[in-house]
Amino acid sequence: VSTQSTWEGTWNKVSKRCFELRGKLLGIVGYGHIGSQLSVLAESMGMQVIYHDVVPLMPLGSARQADSLEELLSEADFVSIHVPELPETRGMIGERELSLMKPGAYLINNARGTVVQIPALVEALKSQHIGGCALDVYPREPAKNGVNAFNNDLNEWASELQSQANVIMTPHIGGSTEEAQRAIGVEVSNALCRYLNFGVSTGAVNFPEVNLRPITEQEVRSIRLCYVHHNQPGALLAVNEIIGSHNVDKQITDSLKDIAYLLADISDVSESDIQDIHMRLSKTPASILVRGPCPDPDSSSLLNLHSLSTPICSADGHRLVESVSSPWSASIEHAASYSWTGNAECEPFARGAVHKKPTSMV
């Protein structure tokens, strides 16, 4: 405001409602990667830090963990939210939580728009119970840039929030820097490589997150089974009936809505065992079908994901055998089998074939 008025020629030097950060208490809700980094930055500016998380976490610097969210809200001069969007976090800051905040405290939400109940926030601003807020995320956001894109048609409280003088609003630009966008590109590329090489889906937002440590080169005659299937009764029973006669070293599974994902490491298997496992998995009732490009020009365009999908990896790092994958990977893998960038050695995928593992991917 002062910058704008000075541009317009107005000189308005005041100290009322202007505060130093030094000595103030910052409350961080969600002490993950971002929350803990903010903790370090805040302490470097002379702030004290208290944080709340659903699990006990070792603090960085001189920060301390609050026993409850209520304790944090009642003590902090500034409350900054850094939690993911989960059923447990939707609407977690509402009328009750805002009433617990210190009079004159400030709320910052750079996490997810659904975490804060905006109508309750507007009332807290109107009553001046809280000193102000800064929002970078909203329950519904415009699909593209444009004048008057953020309006009451999108969020019925938009104009009421915009009319409050003690609000800073930004258009979800927390990660909108050239450096951040470059880092995101690298992160996504690495995640895709980890999925293609090891079956790991950590970090996926619309797919089950499953992770196992990679098979080492010392674990000879070992394979990794990557099995994506419909989340339905009896699916795991069918899989375990197939692999139960083998030595299963590790097994983990997770589901997200209608899709489930299983990883299993099996040792002491021959090539005929691998082909048998693959063939029998292809016939399980929970198999997922996807329509997409086929590697065999004479085959149908309706693909069974057991036949064209994420490979089973052998421990020696030289061979891959097809298994089951996510609905989008059939097309990716088919394209990649013809167009690896780097010195990958790949042949076009064929039903039940054994393939050489790409030695590098970009």
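Model, not experiment: these values are computed from the prediction.
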Between [X] and [Y], does any side-chain donor sit less than 3.5 Å from a side-chain acceptor?
X: Gln251; Y: Asn240; answer: yes
X: Asn12; Y: Ser5; answer: no
X: Thr284; Y: Tyr227; answer: yes
X: Thr170; Y: His172; answer: no
X: Ser159; Y: Gln162; answer: no

Any chance you could pull the hydrophobic cluster mates of Ile34, using side-chain heavy atoms under 4.5 angstrom and chaining through other members? none

[X]: partners by salt bridge (Lys or Arg N to Asp or Glu O under 4.0 Å), with sequence neighbours left out:
X: Lys24; result: none
X: Glu160; result: Lys126
X: Arg17; result: none
X: Asp249; result: none

Assess whether atom [atom1] of [X] is packed by more than 12 heavy atoms of other residues, nucleotides or ligands within 6.0 Å.
X: Ile168; atom1: CD1; answer: no
X: Glu209; atom1: CD; answer: yes
X: Glu156; atom1: CD; answer: no

Kindly indicate whether the side chain of Ile93, heavy atoms from C-beta on, has any atom under 4.5 Å from the side chain of Gln117. no

Summary of side-chain hydrogen bond (donor to acceptor under 3.5 Å, both in side chains) pairs that have at least one residue in residues 40-52, sequence neighbours excluded: Glu43-Ser62

